[in-house]
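Heads up, the thing below is written out as structure tokens.
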Amino acid sequence: MAYDPNNIFAKIIRGEAPCFKVYEDDHTLAFMDIMPQVEGHTLVIPKEGAESIFDLSPDGAAAMIKTTKKIAAAVQEVTKAPGILLAQLNGAAAGQTVFHIHVHVMPRYHGIDLKIHAAAKADFEKLKALGAKIAAAVK
Ligand code: AMP
């Protein structure tokens with residue numbers, strides 16, 4: 001499948017759609033997932049237009065993981081979660097629903113299951129406040 005430049009994350013990168021941004025640099029962007037599977041669920045994307053790991057350049061992949069490391073630390077600092085799950089889905093069969101590559105950063109706790117993937121929208125005021133705390137914790 002060819003990369004669709006009108007997917008929602010491409011629109012967020014271009015500033016044509018809103019997001020609760022937590023971090024941005026020349027090559028990557030991180031923002032709150034609006035249908036979080038757990039409180040603190042954050043997404044990291046490269047700005048390069050790539051659908052999945054298969055068409056992302058090595059430099060794009062390096063930038064994505066570098067930012068993921070920063071965001072994982074900030075999410076853990078804010079949520080105090082004992083575990084942080086990183087997930088990256090390639091292809092609809094793997095569960096991918098937005099076809100611009102991204103890494104999910106999700107706090108995990110013993111005995112607490114994740115909510116269903118991309119199912120229910122969060123309270124946007126709470127998401128904004130949490131996003132601001134995570135943004136302030138990025139080093
Ligand atoms: P995936 O299924 O791995 O492609 O995940 C896509 C993720 O993007 C899901 O967790 C959705 O909740 C999330 N999502 C979809 N639209 C938006 C949006 N406009 N802003 C933030 N997150 C979104």
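On a predicted model such as this, the values are computed, not experimentally measured, just so you know. Worth knowing before you read on, the calculation uses all heavy atoms, side chains too, and leaves out hydrogens, waters and symmetry mates. Atoms within each ligand, like the ligands themselves, are counted from 1 in listed order.
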Quiz item: Is any N or O atom of G95, backbone or side chain, closer than 3.5 Å to an N or O atom of ligand 1?
Solution: yes
Quiz item: If you group Ile, Leu, Val, Met, Phe, Trp and Tyr by side-chain heavy-atom gaps below 4.5 Å, do L114 and I34 land in one group?
Solution: no
Exercise. Examine ligand 1 and decide if any of its atoms is less than 4.0 Å from a heavy atom belonging to Q88.
Key: no
Quiz item: Under a heavy-atom criterion of less than 4.0 Å, does C19 contact ligand 1?
Solution: no
Exercise. Please determine if F9 has a nitrogen or oxygen closer than 3.5 Å to a nitrogen or oxygen of ligand 1.
Key: no
Quiz item: Should L130 and L43 be counted in the same cluster of Ile, Leu, Val, Met, Phe, Trp and Tyr side chains packed under 4.5 Å apart?
Solution: no
Exercise. Go through the steps to decide whether K139 and E77 satisfy the test salt bridge (Lys or Arg N to Asp or Glu O under 4.0 Å), and finish with yes or no.
Key: CA-CA 11 Å; K139 295 190 173 75; E77 185 179 317; 2.5 Å; yes
Exercise. Heavy-atom contacts with M32 under 4.0 Å: which atoms of ligand 1 show up? List them by number with element.
Key: 21 (C)
Practice problem: Give the residue, atom name and distance (to 0.1 Å) of the protein heavy atom nearest atom 5 (O) of ligand 1. | Solution: H102 NE2, 3.0 Å
Exercise. With atom 20 (N) of ligand 1 as the reference point, say which of I34, D33, T42, N7 has the nearest heavy atom.
Key: I34
Quiz item: Does ligand 1 have a heavy atom under 4.0 Å from the side chain of F99, from its backbone, from both, or from neither?
Solution: neither
Self-check item: Residue and atom name of the nearest protein heavy atom (relative to atom 2 (O) of ligand 1), distance in Å to one decimal
Solution: H117 NE2, 2.4 Å
Quiz item: Is the shortest heavy-atom distance from the side chain of I45 to the side chain of M64 under 4.5 Å?
Solution: no
Quiz item: In terms of atom number and element, which parts of ligand 1 are under 4.0 angstrom from non-hydrogen atoms of L89?
Solution: 2 (O), 3 (O)
Practice problem: Specify whether F9 and H100 have parallel, tilted or perpendicular ring planes, treating 30° as the upper limit for parallel and 60° as the lower limit for perpendicular. | Solution: perpendicular
Practice problem: Mind listing the closest non-hydrogen atom pair of G40 and T79 along with its distance? | Solution: CA-CG2, 4.3 Å
Exercise. Supply the atom-to-atom distance I71 CD1 to I84 CD1, rounded to the nearest 0.5 angstrom.
Key: 11.0 Å
Quiz prompt | Within reach of ligand 1, part of Q37 (heavy-atom separation under 4.0 Å) | solution = neither
Quiz item: So which of I45, I8, T97 gets nearest to atom 16 (N) of ligand 1, if we judge by its closest heavy atom?
Solution: I8
Self-check item: Enclosure of Q88 CD (heavy-atom neighbours >12, cutoff 6.0 Å)
Solution: yes
Quiz item: In terms of residue, atom name and distance, what is the protein heavy atom nearest to atom 15 (C) of ligand 1?
Solution: M35 CE, 3.8 Å
Quiz item: So do I53 and I101 actually touch side chain to side chain, heavy atoms under 4.5 Å?
Solution: yes
Practice problem: Mark up the atoms of ligand 1 that fall under 4.0 Å of a heavy atom belonging to A118, in ascending order. | Solution: 9 (C), 11 (C), 12 (O)
Quiz item: In this structure, are over 12 heavy atoms from other groups packed under 6.0 Å from I116 atom CD1?
Solution: no
Self-check item: Centroid separation H117 to H41 less than 6.0 Å
Solution: no
Practice problem: Using non-hydrogen atoms of the residue, decide whether F31 is closer than 4.0 angstrom to ligand 1. | Solution: yes
Quiz item: Looking only at distance, does Q96 have an N or O less than 3.5 Å from an N or O of ligand 1?
Solution: no
Quiz prompt | Interfacing atoms of ligand 1 (cut-off 4.0 Å, heavy-atom, L43) | solution = 8 (O), 22 (N)
